[in-house]
Visitor: 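Next up is a structure, given as structure tokens.
Given the structure is predicted, the values throughout are model-derived calculations rather than measurements. First listed ligand is number 1; within each ligand, the first listed atom is number 1.
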Amino acid sequence: MSLLERKLWRNLDVFGSNMDEDVAHHFSFLKPASYDDVPLLAAANFLEEFSNELDRLVVLGDLATTGMDQDLEVAAQVFLDGRTKQHLNAALEPRLGGLGIPMHIVPGNHDRYQDDKATPGGDAFDRYFGSVYKPSKGVCSDTVRNDDLAIGVISADFCFSAGRELAYLRRLGRGAVDDIVLAELDYQTRQWQRDNPDMPVVWALHFSPADGVSTSLVLEEREKVTNLAKKLRVNHIFCGHTHLRKRQVGTHPHIYCAGSVSAIDSSDKHFLHICTLSQSDTKQLQLEVFDLKYDEHLQEFVSYPVSIAA
Ligand SMILES: [Fe+2]
């Protein structure tokens, strides 16, 4: 019912990159894009199959269509409801909370839209997801530990804050580096590195600081993030938002754009990713990211033959 109410044929904040593809995007100023429940179900099935091997589920934002109650309720059910202790409920809808995999989540711009006109600054997300999202000044630190290895996952929320006067076109799909959040990211990263010497840190952001992101989806002042990453020797940044799987590697930091899991406007671009950390006999650490792409015919996520070791 919620999906029908969202009027899926009207997509807001994807107009810049997709306007030529489909006449439906003439409606793109009217409603935020929502999700397709078929690939989402496939993602839940995949996670269930490998749940015993996964230490953390990192979700890089835009869990909900908007930050209004009607959308956050749907997202909270999908991600948090664990009453069934399974990945589906009786109506075969995804219930990732039932998997028992600890989550690290980051809010995206959609999660903070206060209305269908992309007014930023909504804070209801923090209330709905308060059981798993506990930021300090927009930043969360998390330690994934297994035997002698640990990896830090530190996320930062660069969504526009409440009360900012923004031109309508600017607030659609954009984020901006907030100096207070950035200072907290700096502080928490140093703390983690001090407590876990020689172990790697990954930053989890919603907005991509990579080169070549379209103007309509850009993270304003993104170089502040990449400069800080270089200074702190954070070599890996995971991000979402663009709906395009992309890797900017070979430079530092490496930036991994995840693509979408199930966005309604991103057919044939749905991905999951598995990140592993291992240590060789010579104590050399290796972080690898494996991609899984949604196959529309099989209706499941299957291995996508690209692997980057770093
Ligand atoms: Fe986004």
Side-chain angles (χ1 to χ4, degrees), residues 6 8 10-19 25 28-36 39-40 43 58-68 71-72 74-75 78-79 104-126 128-129 133 135 138 155-162 164 166 168-178 181 203-210 212-222 225 237-246 255-267 269-273:
R6 300 306 309 156
L8 301 178
R10 298 172 171 180
N11 296 328
L12 174 149
D13 82 14
V14 294
F15 64 97
S17 52
N18 294 315
M19 192 173 276
H25 292 98
S28 63
F29 289 95
L30 303 178
K31 292 278 182 182
S34 191
Y35 71 98
D36 181 343
L40 184 64
V58 180
V59 187
L60 294 162
D62 289 348
L63 289 71
T65 303
T66 73
M68 294 189 289
D71 292 326
L72 286 167
V74 175
V78 168
F79 285 93
H104 187 109
I105 63 172
V106 189
N109 50 315
H110 281 243
D111 302 313
R112 299 221 177 273
Y113 286 163
Q114 299 189 56
D115 50 37
D116 281 340
K117 303 189 194 83
T119 302
D123 59 4
F125 178 88
D126 304 56
Y128 277 90
F129 286 89
Y133 180 61
S155 60
D157 174 11
F158 289 127
C159 297
F160 289 119
S161 53
R164 289 194 60 173
L166 300 168
Y168 186 60
L169 284 179
R170 187 177 163 212
R171 71 195 192 197
L172 292 180
R174 287 198 186 190
V177 174
D178 180 296
V181 176
W203 281 351
L205 311 177
H206 179 61
F207 299 96
S208 168
V213 174
S214 71
T215 312
S216 59
L217 299 174
V218 78
L219 175 65
E220 298 176 4
E221 299 191 87
R222 65 188 178 91
V225 170
I237 298 179
F238 295 170
C239 45
H241 186 57
T242 61
H243 298 196
L244 294 172
R245 177 201 159 280
K246 181 185 166 187
I255 299 174
Y256 307 75
C257 293
S260 145
V261 176
S262 59
I264 195 79
D265 62 325
S266 298
S267 175
K269 297 178 193 164
H270 303 312
F271 286 91
L272 295 172
H273 310 270

Visitor: How are the rings of H273 and F271 set to each other: parallel, tilted or perpendicular (split at 30° and 60°)?
Guide: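 Aromatic pair H273/F271 classed parallel.
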Visitor: Is T242 close enough that one of its N/O/S atoms sits under 2.8 Å from the Fe ion (ligand 1)?
Guide: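 No N, O or S atom of T242 is closer than 2.8 Å to the Fe ion (ligand 1), so no.
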Visitor: Is there an N/O/S atom in H241 at a distance below 2.8 Å from the Fe ion (ligand 1)?
Guide: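 It does; at least one qualifying atom falls short of 2.8 Å.
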Visitor: Taking the Fe ion (ligand 1) as the reference point, name the nearest N/O/S atom of D62.
Guide: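 Of all N, O or S atoms belonging to D62, OD2 is the one nearest the Fe ion (ligand 1).
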Visitor: Report yes or no: do S260 and H270 form a side-chain donor-acceptor pair below 3.5 Å?
Guide: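 Yes, side-chain donor-acceptor contact under 3.5 Å.
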Visitor: Testing H110, R174, H206 for side-chain hydrogen bond (donor to acceptor under 3.5 Å, both in side chains) with H241, which one passes?
Guide: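 The option that passes is H206.
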Visitor: Locate the shortest heavy-atom distance separating G138 from Y133; write the atom from each residue and the value.
Guide: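 Heavy atoms only, the tightest pair is O-OH, 4.3 Å.
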